[in-house]
Amino acid sequence: MSVTPETLMGTLRWVCGVLAKEKIPFQVVGDIAMLLKGTSSPVSTIELFVRADCLPQLMRLVRDRITEYPWRRCNEEWDLIMMELTKEEVVVSIGISDGARTRVGTSAEWQDVEIHFEASKIVHLEDLKIPIASSADLVSNVRLPSPCEKSL
């Protein structure tokens with residue numbers, strides 16, 4: 001699937017608009033955040049985190065766009081609850097910050113992911129204000145698991 005920059009930008013504008021309008025704290029991670037930090041790699045998905053207490057409100061707002069309901073995903077790198085939306089062929093992966101864990105380096109040790117929404121760095125892209133992690137590690141290393149990586 002090929003996503004045009006215009007389509008990606010339209011979906012980013014939509015999802016950031018919904019979250020900001022409803023005052024749902026969020027933080028964009030993954031390829032979009034890396035792009036905003038200055039890297040130039042192709043971007044075809046939007047990845048972000050929200051708090052668990054905001055999930056019911058968010059689900060009501062985007063119910064017609066949900067393609068994967070919240071479910072625990074676990075792979076070699078991640079253990080977290082996430083859901084996915086689709087708008088104009090762009091996948092929006094939403095990780096729940098509460099209880100999210102990731103592996104420490106190449107060890108088998110799990111580490112809690114700490115998302116500090118209030119400490120987000122605000123990046124301006126066109127007319128959007130996009131909160132990204134102030135931690136370089138979280139911005140650059142986050143690739144949320146795909147829906148097929150559900151734990152049993």
Side-chain angles (χ1 to χ4, degrees), residues 1-75 77-102 112-150:
M1 170 178 61
S2 177
V3 175
T4 67
E6 295 79 19
T7 304
L8 184 74
M9 195 61 202
T11 300
L12 183 62
R13 183 173 282 109
W14 168 76
V15 74
C16 288
V18 167
L19 294 166
K21 179 181 176 198
E22 298 299 322
K23 296 181 176 40
I24 296 174
F26 68 101
Q27 209 170 73
V28 174
V29 296
D31 290 339
I32 291 278
M34 287 175 42
L35 180 69
L36 295 171
K37 285 263 190 180
T39 65
S40 58
S41 60
V43 178
S44 60
T45 62
I46 298 169
E47 298 169 311
L48 58 94
F49 276 102
V50 299
R51 293 189 327 245
D53 63 337
C54 298
L55 189 59
Q57 178 186 9
L58 177 58
M59 289 178 66
R60 282 191 301 276
L61 295 167
V62 298
R63 68 180 158 262
D64 59 331
R65 300 286 181 191
I66 297 173
T67 53
E68 288 285 331
Y69 283 90
W71 191 266
R72 181 159 298 280
R73 283 17 177 228
C74 189
N75 64 14
E77 297 175 10
W78 282 98
D79 178 12
L80 78 162
I81 294 173
M82 55 179 287
M83 65 183 279
E84 286 196 351
L85 316 174
T86 302
K87 184 173 188 320
E88 298 180 22
E89 298 184 8
V90 177
V91 173
V92 180
S93 296
I94 301 173
I96 308 308
S97 60
D98 310 66
R101 302 183 311 158
T102 188
D112 291 339
V113 173
E114 294 185 33
I115 307 289
H116 300 284
F117 295 101
E118 67 285 349
S120 296
K121 176 181 175 182
I122 303 299
V123 177
H124 297 269
L125 180 64
E126 295 182 10
D127 58 339
L128 290 177
K129 294 178 183 177
I130 304 170
I132 63 172
S134 54
S135 163
D137 287 343
L138 191 56
V139 169
S140 61
N141 294 331
V142 172
R143 298 290 181 286
L144 297 178
S146 66
C148 61
E149 297 176 306
K150 295 177 186 175

Next on the checklist: Treating S93 as the side-chain partner and E47 as the backbone partner, does any N or O pair qualify as donor plus acceptor under 3.5 Å?
Outcome noted: no
Next on the checklist: Any non-hydrogen side-chain atom of V29 less than 4.5 Å from a side-chain atom of I115?
Outcome noted: no
Next on the checklist: Treating S97 as the side-chain partner and F49 as the backbone partner, does any N or O pair qualify as donor plus acceptor under 3.5 Å?
Outcome noted: no
Checklist outcome for this item: Tightest non-hydrogen contact, residues K87 and T11, listed as O-OG1, 3.1 Å
Checklist entry - Looking only at heavy atoms, what is the nearest atom pair of R101 and D112, with distance? => result CG-OD1, 3.5 Å
Item to check | Residues R51 and D98 bridged, charged N to O under 4.0 Å | outcome: no
Item to check | Heavy-atom side-chain proximity of M82 to I94 below 4.5 angstrom | outcome: no
Item to check | Heavy-atom pair with the smallest gap, counting every atom of S44 and L8 | outcome: C-CD1, 4.1 Å
Item to check | pair L55-M83: side-chain heavy atoms closer than 4.5 Å | outcome: yes
Next on the checklist: Is any side-chain heavy atom of L85 closer than 4.5 Å to one of W14?
Outcome noted: yes
Next on the checklist: For a quick test of reading the model, state the closest non-hydrogen atom pair linking K129 to I122 and the distance between them.
Outcome noted: CB-CG2, 3.8 Å
Checklist outcome for this item: Closest non-hydrogen contact found for E77 with T102 is O-OG1, 2.9 Å
Checklist entry - In terms of side-chain geometry, is the basic nitrogen of E68 or R73 positioned less than 4.0 Å from the acidic oxygen of its partner? => result yes
